[in-house]
Amino acid sequence: MSEQWFNVGKIVNTHGVRGEVRVISKTDFAQERYETGNILYIFKEGSKEPTEVVIESHRTHKNFDLLTFKGLHSIEEVEGYKGAVLKITEDQLTELEEGEYYFHEIIGCTMYTDEGQEIGKVKEILATGANDVWVVQRKQGKDILIPYIEDIVKEIDIENKKIVITPMEGLLDE
């Protein structure tokens with residue numbers, strides 16, 4: 001089975017005694033991904049097969065997503081999942097509207113200025129409240145943070161893994 005998996009988050013701890021787990025999310029659409037009834041797969045280190053779980057509840061607390069799974073209602077039942085990764089399958093991805101992209105489509109793209117100068121590759125996306133910020137790894141020098149806003153990001157070509165931006169003054173200075 002050569003199924004493609006996509007990371008949703010990592011279970012970093014338990015929360016309370018009723019089977020709730022604390023998750024640091026790496027997903028683009030947490031509210032949709034964690035809807036009651038959705039299926040996730042838990043990948044424990046050293047385990048060959050993932051464990052399928054069904055979301056029973058979701059809430060946010062501080063910077064974490066707190067989840068419970070059907071049939072797992074005590075701290076003892078979920079404690080073994082600390083450090084495990086939550087994933088979904090490719091066919092669980094939903095169709096996005098024009099101009100929307102999944103993180104995995106953006107990460108790995110090469111970024112250029114509108115004048116053709118290569119800046120580097122997108123290595124990470126930080127989901128902030130207002131807009132996402134793309135972390136671009138330069139060939140030399142420090143990483144650069146590029147806000148995903150219309151005034152800066154001019155073209156996204158997923159097929160060719162290419163992004164074109166119009167940098168604000170001083171944005172590319174070291």
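Note that this is a predicted model, so its numbers are computed, not measured.
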| With distance as the sole criterion, is a donor-acceptor pair present between the side chains of T166 and D114 under 3.5 Å? | yes

| request: Identify the two heavy atoms, one from P147 and one from I152, that lie closest to each other, and give their separation to 0.1 Å. | output: CG-CD1, 3.5 Å

| said: Between Y34 and S25, is there a side-chain donor-acceptor contact under 3.5 Å, judged purely by atom types and distance? | reply: yes

| field | Ion pair K161/E105, N-O distance below 4.0 Å | value | no

| query | For F6, which residues count as a ring-ring contact (aromatic ring centres under 6.0 Å, His included) partner, sequence neighbours excluded? | reply | H104

| said: Any salt bridge linking E155 with K162? Criterion: basic side-chain nitrogen under 4.0 Å from a carboxylate oxygen. | reply: no

| note | Nearest heavy-atom contact between L126 and E124 is CD2-OE2, 3.5 Å

| What closest approach, in Å, do I42 and A84 show between heavy atoms, and which atom pair accounts for it? | CG2-CB, 3.5 Å

| Distance under 6.0 Å and angle within 45° of the ring axis: does K87 meet both against Y41? | no

| request: For the residue pair Y102 and T94, confirm or rule out a side-chain donor-acceptor distance under 3.5 Å. | output: yes

| field | Expected output: side-chain K44 to main-chain G83 donor-acceptor under 3.5 Å | value | no

Which donor-acceptor pairs under 3.5 Å do the side chains of residues 106-113 make with protein atoms, sequence neighbours left out?
| from | atom 1 | to | atom 2 | distance (Å) |
| --- | --- | --- | --- | --- |
| T110 | OG1 | K121 | NZ | 3.0 |
| T113 | OG1 | E115 | N | 3.2 |
| T113 | OG1 | G116 | N | 3.4 |
| T113 | OG1 | Q117 | N | 3.1 |

| request: In plain terms, say whether K123 and D143 are close enough for a salt bridge, that is, a side-chain N and a carboxylate O under 4.0 Å apart. | output: yes

| field | Side-chain (E100) to main-chain (L96) donor-acceptor, under 3.5 angstrom | value | no

| request: Report the residue from V21, V54, I39 that forms a side chain to side chain contact (heavy atoms under 4.5 Å, CB included) with F69. | output: V21

| According to the interplanar angle, ranging from 0 to 90°, do the rings of W5 and F43 count as parallel (below 30°), tilted (30 to 60°) or perpendicular (above 60°)? | perpendicular

